Structures are given as C-alpha cells and as structure tokens.
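Numbers here simply count residues along the sequence, with the first being 1. Quick caveat: nothing in here was measured; it's all calculated off a predicted structure.
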Amino acid sequence: MNIRIGNGYDVHKLVENRELIIGGVLIPYEKGLLGHSDADVLVHAIMDSLLGATKKGDIGKLFPDNDNNFKNICSLELLKKVYNILKADGYQIINIDSTIIAQAPKMRPYIDKMEENIAMCLNIDKSQINIKATTEEGLGFTGALEGISANAVCLVIKK
C-alpha cells in the first residue's frame, strides 16, 4: 500500500467582464477571475494537489495556457481528466481539504454545491471533500479585492 499527500495552490486576478466561477459554481459578483480557462482557483488548487501527490507534475504541464484546446474550458472538465489519470495509475482519493481565500463575495452559500460538483467529478463521496473559505481581513492582494486564491491538500492511496 502506497499512501501519498499532495499540496496545491492557485491564484487569479479579479477583473471586470468575466464570470466568477469557483468550485464549478457561477457566483453572482461584479468581477470574475482572469485566466486562460474559466480560472476556477479552487478546482485548479485541487488538481495540483492530486497531481503533486501522484508525481504527475501540475496543471500547467498537462493543460498549458498556450493551448487553445483549453481556452475558456470548464475546469471541472479538466478535473475529470485528472481523475482519469489517477484512476489509470491505480490511485484512489482518500480525502481533500481546501480553503478559498477571498475578501468578497461570501462563499458560504455556495460551498455545498462546490463540494457536490467536485465529488461528482472525482467519483468520491461528498464526505471525502471539505471546502472552507476565509478572508484576509483586508490585507494583501485578496484583502484589497485584487484577486482570489485557494489551496488544497489531498491524501491518496495506491493499492
């Protein structure tokens, strides 16, 4: 039995004229996140944690931002691809713990749906994923409403 832990982090700048999508949920807000894909910081952090745990690199290696196949793609579709890579290598996800760092908007009303979306893509039970949200009390780029970040930790097992 091979148990491994992975860590992931992502950040995107808040800009006008973009939708705000986090955890696959469209969140009503006056700004969205800038990125090549839908810029879903939470899903990106989770993917990087899973790829790191299984020594598969990172999302930039698998889904480069200069590849038009991934332009404006839903990050949940990329998460499904990551899941298939892990599954093919015999890995099983034990759990994922993650945090969204955003001064605004409030994330609590959307977290249950985020957990459902991610659990469905990874073929795991919703009880295996935990999503939290916090502010930085007005400090740093997230506190100044310049961007949103997320981090994630996962535990996987290869039998």
Over all heavy atoms of both residues, which pair between Ser49 and Ala152 is shortest? Give the atoms and the distance, please.
CB-O, 3.6 Å
Less than 4.5 Å apart, side chain to side chain, heavy atoms only: is that true for Lys87 and Tyr91?
no
Say whether, by atom type as modelled, one donor and one acceptor occur between the side chain of Asp125 and the main chain of Gln128 under 3.5 angstrom.
no
Spacing of CD1 belonging to Ile100 relative to CG belonging to Asn151, to within rounding of 0.5 Å
10.0 Å
If every non-hydrogen atom of Ile129 is compared with every non-hydrogen atom of Glu115, which pair is closest and at what distance?
O-OE2, 3.7 Å
Around Glu16, counting heavy atoms of other residues, nucleotides and ligands shown, do more than 12 lie under 6.0 Å from its CD?
no
Path from Met114 to Ile124 over hydrophobic side-chain contacts below 4.5 Å:
yes
Test item: Leu76 and Val43 side chains (from C-beta on) under 4.5 Å apart, heavy atoms:
yes
Would you say Leu122 and Ile73 are hydrophobically clustered, going by side-chain heavy atoms of ILVMFWY under 4.5 Å?
yes
To the nearest 0.5 Å, what is the distance between CD1 (Ile118) and CD1 (Ile46)?
3.5 Å
Calculate, to the nearest 0.5 Å, the distance between atoms CD1 and CG belonging to Ile96 and Leu42 respectively.
9.0 Å
What closest approach, in Å, do Leu14 and Leu145 show between heavy atoms, and which atom pair accounts for it?
CD1-O, 3.6 Å
Do Ile101 and Met107 sit in the same hydrophobic cluster, where Ile, Leu, Val, Met, Phe, Trp and Tyr count as joined when their side-chain heavy atoms come under 4.5 Å apart?
no
Evaluate the side-chain proximity of Asp112 to Lys126: yes if any heavy-atom separation is below 4.5 Å, no if none is.
yes
Tell me, yes or no, whether the heavy-atom count around Asn17 atom CG, taken from other residues, nucleotides or ligands under 6.0 Å, exceeds 12.
no
Measuring only between side-chain heavy atoms, which start at C-beta, is Pro105 closer than 4.5 Å to Ile27?
yes
If I take atom OG from residue Ser37 and atom CG from residue Asn72, how far apart are they, to the nearest 0.5 angstrom?
8.0 Å
Given 3.5 Å as the limit, does a donor-acceptor pair link the side chain of Arg4 with the main chain of Ala53, or not?
yes
Other than Tyr9, which residues form its hydrophobic cluster under the rule that side-chain heavy atoms must be closer than 4.5 Å?
Val11, Phe141
Hey, what do you get for OH (Tyr29) to CD1 (Ile22), rounding to the nearest 0.5 Å?
10.0 Å
Between Leu20 and Leu33, is any pair of side-chain heavy atoms under 4.5 Å apart?
yes
Do Thr142 and Glu136 meet the criterion of a side-chain donor-acceptor pair at a distance under 3.5 Å?
yes
To check you understand the geometry: which heavy-atom pair defines the closest contact between Cys121 and Lys80, and what is its length?
SG-CE, 3.7 Å
Assigning hydrophobic clusters by single linkage (Ile, Leu, Val, Met, Phe, Trp, Tyr; side-chain heavy-atom cutoff under 4.5 Å), is Val41 placed with Val153?
no
When every non-hydrogen atom of Asp38 is compared with those of His44, the smallest separation belongs to OD1-NE2, 4.3 Å
Heavy-atom side-chain contact between Ile157 and Gln92 under 4.5 Å:
yes
Excluding sequence neighbours, so at least two apart, what forms salt bridge (Lys or Arg N to Asp or Glu O under 4.0 Å) with Asp89?
Lys56
Derivation of the side chain to side chain contact (heavy atoms under 4.5 Å, CB included) call for Thr135 and Lys106
CA-CA 9 Å; Thr135 69; Lys106 294 293 184 191; 4.2 Å; yes
Quick check: closest heavy atoms across Asn130 and Lys132, and the distance to 0.1 Å?
ND2-CG, 3.5 Å
I would like to know whether His36 and Phe63 meet side chain to side chain contact (heavy atoms under 4.5 Å, CB included); could you show each step before the answer?
CA-CA 10 Å; His36 185 69; Phe63 315 115; over 6 Å; no
Heavy-atom count check: over 12 atoms from other residues, nucleotides or ligands less than 6.0 Å from Lys55 NZ?
no
Straight-line distance of Ile59 CD1 to Asp48 CG, nearest 0.5 Å:
4.5 Å
Can Met47 be reached from Leu155 by stepping across I, L, V, M, F, W or Y side chains whose heavy atoms are under 4.5 Å apart?
no
Any side-chain heavy-atom pair of Leu50 and Leu86 under 4.5 Å
yes
Is there a side-chain contact between Leu78 and Phe70 in this structure, where contact means two heavy atoms from C-beta onward sitting under 4.5 Å apart?
yes
Under 3.5 Å, is there a donor-acceptor pair between the side chain of Asp40 and the main chain of Gly23?
yes
